[in-house]
Amino acid sequence: EPDIPAWAPLLYQLQLLDIREKPDPLTLPIADRIRIGNQKRERGNFHFQREEYCMAARAYFMALDVLTTRSKDGGDGSVKAEEEEVQDYRVKCLNNLATAQLKLEQYDEALHTSRDVLTLEPNNVKALFRAGKLLSDKGEYKEAMDVLKKALKLEPATKAIHIELSKLVKRQSGGKDTQDWKAKPADMLGDNIAPFLIPSKKKQFV
């Protein structure tokens with residue numbers, strides 16, 4: 001073997017032997033799509049934890065490319081079960097993407113992504129809260145109020161929603177001193193409020 005001194009510069013020559021097109025995700029079995037999509041989502045989580053938000057967002061986009069279903073191409077009821085199986089993974093990935101976009105100060109994109117979540121899962125509280133906050137920041141107060149009220153209806157014990165509603169009420173009043181937002185369950189949720197009076201689950205990044 002050649003005697004190469006330590007720290008000596010090395011020159012490598014690479015030869016490209018073959019090129020293959022990226023496979024259409026819809027040609028992959030559902031199990032493979034979920035496995036590959038989750039691998040890319042977890043890679044995004046890795047970059048997010050290292051505060052590499054641009055790389056995290058890119059990984060989430062790649063995961064979403066894989067986590068797709070035939071229904072987008074006009075599939076019939078025969079793929080309904082497949083769509084439902086993939087949907088939960090898409091929702092997780094979209095929520096993570098929206099969080100990365102917020103870190104990158106891509107607020108319009110984060111709002112669009114949050115709406116994509118709500119298209120798949122209308123009662124997703126994370127997406128409702130995020131969308132409501134972004135709408136409030138954009139000055140779209142009426143829609144923001146509707147969205148945040150819906151989030152509060154689903155999780156009435158979540159303090160962050162109450163705080164954001166308080167900010168929204170103050171913004172609507174033109175910044176004047178107002179009483180803090182007070183949720184009125186009987187008015188907002190109807191007479192039967194018992195099903196909503198449950199502790200909120202601890203939030204975590206998934």
Side-chain angles (χ1 to χ4, degrees), residues 33-34 37-38 40-45 47-49 51 53-54 56-69 71-72 80 82-169 171-172 181 183 185 188-189 195-206:
R33 268 181 272 167
I34 291 174
N38 278 332
K40 296 183 183 301
R41 180 175 61 85
E42 289 169 2
R43 172 58 58 175
N45 292 351
H47 288 301
F48 189 95
Q49 304 252 348
E51 300 183 0
Y53 303 122
C54 188
R58 182 178 179 183
Y60 296 139
F61 275 120
M62 294 174 66
L64 289 166
D65 283 342
V66 178
L67 294 169
T68 187
T69 64
S71 62
K72 287 189 174 183
K80 184 68 175 177
E82 177 185 271
E83 180 178 345
E84 291 175 353
E85 189 170 0
V86 173
Q87 177 172 308
D88 287 345
Y89 296 100
R90 284 190 65 83
V91 166
K92 287 181 180 180
C93 198
L94 285 166
N95 268 325
N96 292 358
L97 172 60
T99 304
Q101 289 169 330
L102 283 175
K103 291 292 187 179
L104 293 167
E105 300 183 358
Q106 298 173 350
Y107 302 120
D108 288 340
E109 291 84 350
L111 178 58
H112 178 79
T113 302
S114 297
R115 283 174 164 158
D116 285 345
V117 174
L118 296 173
T119 298
L120 294 172
E121 196 173 288
N123 291 333
N124 188 282
V125 177
K126 285 183 180 179
L128 286 167
F129 174 75
R130 188 185 302 112
K133 186 177 188 309
L134 288 166
L135 287 166
S136 178
D137 291 342
K138 286 167 65 70
E140 299 179 22
Y141 300 139
K142 184 180 185 303
E143 187 178 357
M145 181 65 75
D146 292 341
V147 172
L148 288 171
K149 279 185 176 181
K150 184 174 181 179
L152 186 66
K153 181 177 179 180
L154 294 165
E155 286 194 8
T158 300
K159 291 182 179 179
I161 302 174
H162 288 268
I163 292 171
E164 197 57 41
L165 280 165
S166 294
K167 292 179 182 178
L168 177 55
V169 169
R171 286 173 173 173
Q172 285 180 310
W181 163 265
M188 188 174 63
L189 308 179
F196 303 106
L197 300 180
I198 56 175
S200 61
K201 296 181 180 179
K202 184 178 179 181
K203 292 180 173 57
Q204 58 182 354
F205 196 78
V206 291

Donor-acceptor pairs are to be reported for all side-chain atoms of residues 109-122 against protein atoms at under 3.5 Å, with residues two or more places apart or in another chain.
{"from": "T113", "atom 1": "OG1", "to": "Q101", "atom 2": "OE1", "distance (Å)": "2.8"}
{"from": "T113", "atom 1": "OG1", "to": "Q101", "atom 2": "NE2", "distance (Å)": "3.4"}
{"from": "T113", "atom 1": "OG1", "to": "E109", "atom 2": "O", "distance (Å)": "2.9"}
{"from": "S114", "atom 1": "OG", "to": "A110", "atom 2": "O", "distance (Å)": "2.9"}
{"from": "S114", "atom 1": "OG", "to": "R130", "atom 2": "NH1", "distance (Å)": "3.4"}
{"from": "R115", "atom 1": "NH2", "to": "E143", "atom 2": "OE1", "distance (Å)": "3.3"}
{"from": "R115", "atom 1": "NH2", "to": "E143", "atom 2": "OE2", "distance (Å)": "2.8"}
{"from": "T119", "atom 1": "OG1", "to": "R115", "atom 2": "O", "distance (Å)": "3.0"}
{"from": "E121", "atom 1": "OE2", "to": "N124", "atom 2": "ND2", "distance (Å)": "2.8"}

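- The closest side-chain heavy-atom distance from H47 to R43 is below 4.5 Å.
- The backbone N or O of P156 sits less than 3.5 Å from a side-chain atom of H162, completing a donor-acceptor pair.
- Under a 4.0 Å N-O distance rule, the pair K133/D137 qualifies as a salt bridge.
- Inter-residue side-chain proximity for L128 and L154 is flagged as met; some heavy-atom pair is nearer than 4.5 Å.
- Legend: residues meeting side chain to side chain donor-acceptor pair (under 3.5 Å) with N123, ordered by chain and number and at least two apart, are absent.
- When the ring-ring contact (aromatic ring centres under 6.0 Å, His included) test is applied to Y89, no partner is found at least two apart in sequence or on another chain.
- Judged as a side-chain contact (heavy atoms from CB on, under 4.5 Å), and not counting sequence neighbours, the contacts of I163 are K167.
- R58 pairs by the side-chain contact (heavy atoms from CB on, under 4.5 Å) definition with M62, not counting sequence neighbours.
- The two residues V66 and G37 have their closest heavy-atom pair at CG1-N, 4.0 Å.
- Looking at K142 and D146, a side-chain N of the basic residue comes within less than 4.0 Å of a carboxylate O on the acidic one, giving a salt bridge.
- The nearest pair of heavy atoms linking I161 to E155 is CD1-O, 3.9 Å.
- Considering only residues two or more places apart in sequence or on other chains, Y141 meets the side-chain contact (heavy atoms from CB on, under 4.5 Å) condition with S136, L168, R171, Q172.
- Closest non-hydrogen pair, A56 versus G44, comes out as CB-O, 3.3 Å.
- In terms of heavy atoms, K40 sits closest to A59 at O-CB, 3.6 Å.
- Across every non-hydrogen atom of F129 and A151, the tightest pair is N-CB, 4.4 Å.
- Of the candidates L135, L152, L134, L135 is the only one forming a side chain to side chain contact (heavy atoms under 4.5 Å, CB included) with V147.
- Considering N96, N95, L67, T99 in turn, N96 is the only one that fulfils the side chain to side chain contact (heavy atoms under 4.5 Å, CB included) rule with Y60.
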